[in-house]
Protein chains: 2
Amino acid sequence: MIVDERRSKILRIAEECGFVSLQRLVAEIDASESTIRRDLEYLDTIGQIQRTRGGASFIGDSLSDFDSRKSRASLEKQHIARRTADLISSGETVLLDGGTTTLEVARYLTGKSLQILTNSLPIASLLMNRPEVELIFIGGYVYPRTGVALGEQAVEAVRKMHASRLVMSTGGITAEGLFNSNALLVDTERQMIRAADRVTLVADSSKFGQRALSILCPLTDVHEIVTDDGVSDEWRSVMESAGIHMEVVETVAHAARVR
Amino acid sequence: MIVDERRSKILRIAEECGFVSLQRLVAEIDASESTIRRDLEYLDTIGQIQRTRGGASFIGDSLSDFDSRKSRASLEKQHIARRTADLISSGETVLLDGGTTTLEVARYLTGKSLQILTNSLPIASLLMNRPEVELIFIGGYVYPRTGVALGEQAVEAVRKMHASRLVMSTGGITAEGLFNSNALLVDTERQMIRAADRVTLVADSSKFGQRALSILCPLTDVHEIVTDDGVSDEWRSVMESAGIHMEVVETVAHAARVR
DNA sequence: ACATATTTTGAATGAACATGCCACAATTAA
DNA sequence: TTAATTGTGGCATGTTCATTCAAAATATGT
């Protein structure tokens with residue numbers, strides 16, 4: 001067998017699971033153990049694989065890694081996030097609330113020079129290394145799991161801030177207004193609403209009609225809602241009659257086009 | 001089974017709940033108890049878990065894959081960090097400065113119920129999911145790359161805080177005091193020193209004799225220094241005559257024992 | 001085509017490493 | 001205290017590794 005042919009075969013096998021044992025390669029390839037060893041050594045020096053005892057692990061975007069990266073947020077949330085990011089233009093000062101959807105928004109904010117204010121640790125970690133964004137973190141008591149800073153300190157910090165836009169998420173929306181389950185969270189978000197000129201709500205269609213423990217704000221505080229096309233026409237007209245601009249992204253069409 | 005495969009399996013299991021008993025690992029993995037013990041010992045030396053009696057707790061980063069886990073911070077820093085963590089007892093309120101060594105300290109703070117105040121995004125992200133620590137983040141302008149919050153907001157936030165201990169790093173130490181290169185950083189750290197009852201400095205031995213742009217504080221502000229045994233006797237006596245307790249960890253002996 | 005270098009390959013060797021087992025020390029619980 | 005659990009170190013055994021060497025394949029020069 002040709003040398004390169006054998007080596008690319010090794011790479012193919014290694015790529016499958018991200019790791020191969022030397023024994024498996026010997027079994028699958030018609031060459032002696034010594035030869036495979038030498039091949040592995042070579043592939044290691046040119047950086048294609050990483051040699052380990054008893055085998056080698058594949059370097060680069062292996063399939064399993066790629067899959068796990070893809071499955072982060074639901075498709076709707078990603079579409080909503082992308083549209084929301086499109087609404088934001090360079091030079092803005094954006095207040096970013098915590099939440100999975102807002103985190104997605106942060107992902108899509110590439111290439112725009114922005115000033116970002118946030119109380120979400122995951123968002124801050126994500127934007128930390130982007131030179132084009134000036135990041136200001138809102139400190140406070142960090143709520144476990146979600147990683148958002150809340151409490152009096154956070155409220156105080158927000159009080160001294162001003163932003164051109166707030167991108168926030170919510171627990172539920174009804175005609176009465178927005179809801180959220182956590183009292184501390186509500187306090188912080190209320191202050192955020194006061195600090196921003198324009199309030200953009202990101203919420204997938206399942207949130208409409210949902211209530212939660214504490215009411216956050218009336219609908220009149222919200223300027224626009226970005227949601228997916230699962231939202232009913234009734235809710236749409238309720239929102240629009242409250243003076244809210246509805247930005248609806250098509251998820252089914254998008255999904256069909258992607259596959 | 002291949003060595004690395006088994007070890008990464010152990011890490012996966014450990015990561016799930018933050019802690020695994022040795023017995024559970026023996027039950028779930030097809031290897032003898034001795035082997036698992038040795039694996040735990042290895043994973044402990046590379047700083048991914050912390051060995052405890054009857055099991056181990058996970059202290060690595062959740063994101064990285066096994067190969068990149070092998071090389072993290074230098075061994076000296078890990079030893080310094082471990083010793084520093086040992087100095088901290090349950091119930092304390094600890095102010096944690098930014099920096100690679102302090103990040104390592106945070107990793108080793110397992111099982112202690114603490115209140116942690118920090119301005120470092122990496123540290124906060126690490127401690128976010130630890131239910132036993134109450135985390136308070138110090139907000140402000142997030143300095144790129146390092147991910148520490150600085151500026152007037154940070155200084156203001158620290159001014160209102162009080163901690164039983166500050167664990168801080170530095171750019172350099174001479175008889176004149178501590179140095180750091182960044183003016184913003186110095187402002188924040190000065191305020192941190194004021195806010196804490198006891199100042200613990202973590203610094204590997206290469207920092208002694210180093211100067212940097214701005215002086216941070218005199219030696220009298222520091223209560224104890226944790227460093228490695230590369231520090232010369234001269235520096236040691238200089239520090240001790242300034243009333244500083246020197247905590248010196250042995251790195252060479254440790255390293256020799258591992259190999 | 002032939003003889004001669006060069007490279008590649010496969011097998012063999014001892015060293016290094018990993019493993020499982022056991023005895024015994026240390027620690028914890030009763 | 002005793003009993004039970006967990007940790008430590010030694011040792012025999014099996015694997016894996018790096019090195020070496022000769023045979024085979026390939027390339028090169030005449």
| message | Looking at A/Gly54, is its backbone amide N or carbonyl O close enough to the side chain of A/Ser21 to form a donor-acceptor pair, meaning the two atoms are under 3.5 Å apart? | response |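 No, A/Ser21 side chain to A/Gly54 backbone: no donor-acceptor pair under 3.5 Å.
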Taking atom [atom2] of [N] as reference, at what distance in whole Å does atom [atom1] of [X] sit?
X       : N      : atom1 : atom2 : value
A/Leu40 : C/dT9  : CG    : C1'   : 15 Å
A/Asp39 : C/dT9  : CG    : C1'   : 10 Å
A/Glu5  : C/dT8  : CD    : C1'   : 16 Å
B/Asp4  : C/dC17 : CG    : C1'   : 13 Å
B/Glu41 : D/dG9  : CD    : P     : 8 Å
B/Arg38 : D/dG9  : CZ    : C1'   : 10 Å
A/Tyr42 : C/dT7  : OH    : P     : 15 Å
B/Ile29 : C/dA18 : CD1   : C1'   : 15 Å

| message | Using side-chain hydrogen bond (donor to acceptor under 3.5 Å, both in side chains), reason through A/Gln50 and A/Asp44 one step at a time and then give a plain yes or no. | response | CA-CA 5 Å; A/Gln50 164 104 36; A/Asp44 179 86; 4.9 Å; no
| message | Between the base of C/dA18 and the side chain of B/Thr35, is one N or O donor paired with an acceptor at under 3.5 angstrom? | response |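 Checked by distance alone, the answer is no.
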| A/Arg53 or B/Glu33, whichever maps to the more 5' nucleotide of DNA chain D |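 Result: B/Glu33.
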| request: Report yes if the distance between the aromatic ring centroids of A/Phe19 and A/Phe58 is under 6.0 Å, otherwise no. | output: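 No.
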With a 3.5 Å cut-off and no angle check, do the side chains of [X] and [Y] form a donor-acceptor pair?
X        : Y        : answer
A/Lys77  : A/Thr100 : yes
B/Ser205 : B/Asp228 : yes
B/Arg165 : B/Thr200 : yes

Distance check: side-chain N/O of [X] vs OP1/OP2 of [N], anything under 4.0 Å?
X       : N      : answer
B/Ser32 : C/dG20 : yes
B/Arg51 : D/dT6  : no
B/Arg37 : D/dG9  : no

| message | I need the residues from residues 19-26 of chain A with at least one non-hydrogen atom less than 4.0 Å from DNA chain D; give them sorted by number, or say none. | response |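 Contacts with DNA chain D under 4.0 Å: A/Leu22, A/Gln23.
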| task | Kindly point out which of C/dA18, C/dT9, C/dG20 is positioned nearest to the side chain of B/Ala31? | result |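 Looking only at side-chain atoms, B/Ala31 lies closest to C/dG20.
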| field | Partner set under salt bridge (Lys or Arg N to Asp or Glu O under 4.0 Å) for B/Glu176, not counting sequence neighbours | value |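 Scan of B/Glu176 (salt bridge (Lys or Arg N to Asp or Glu O under 4.0 Å), adjacent residues dropped) gives B/Arg211.
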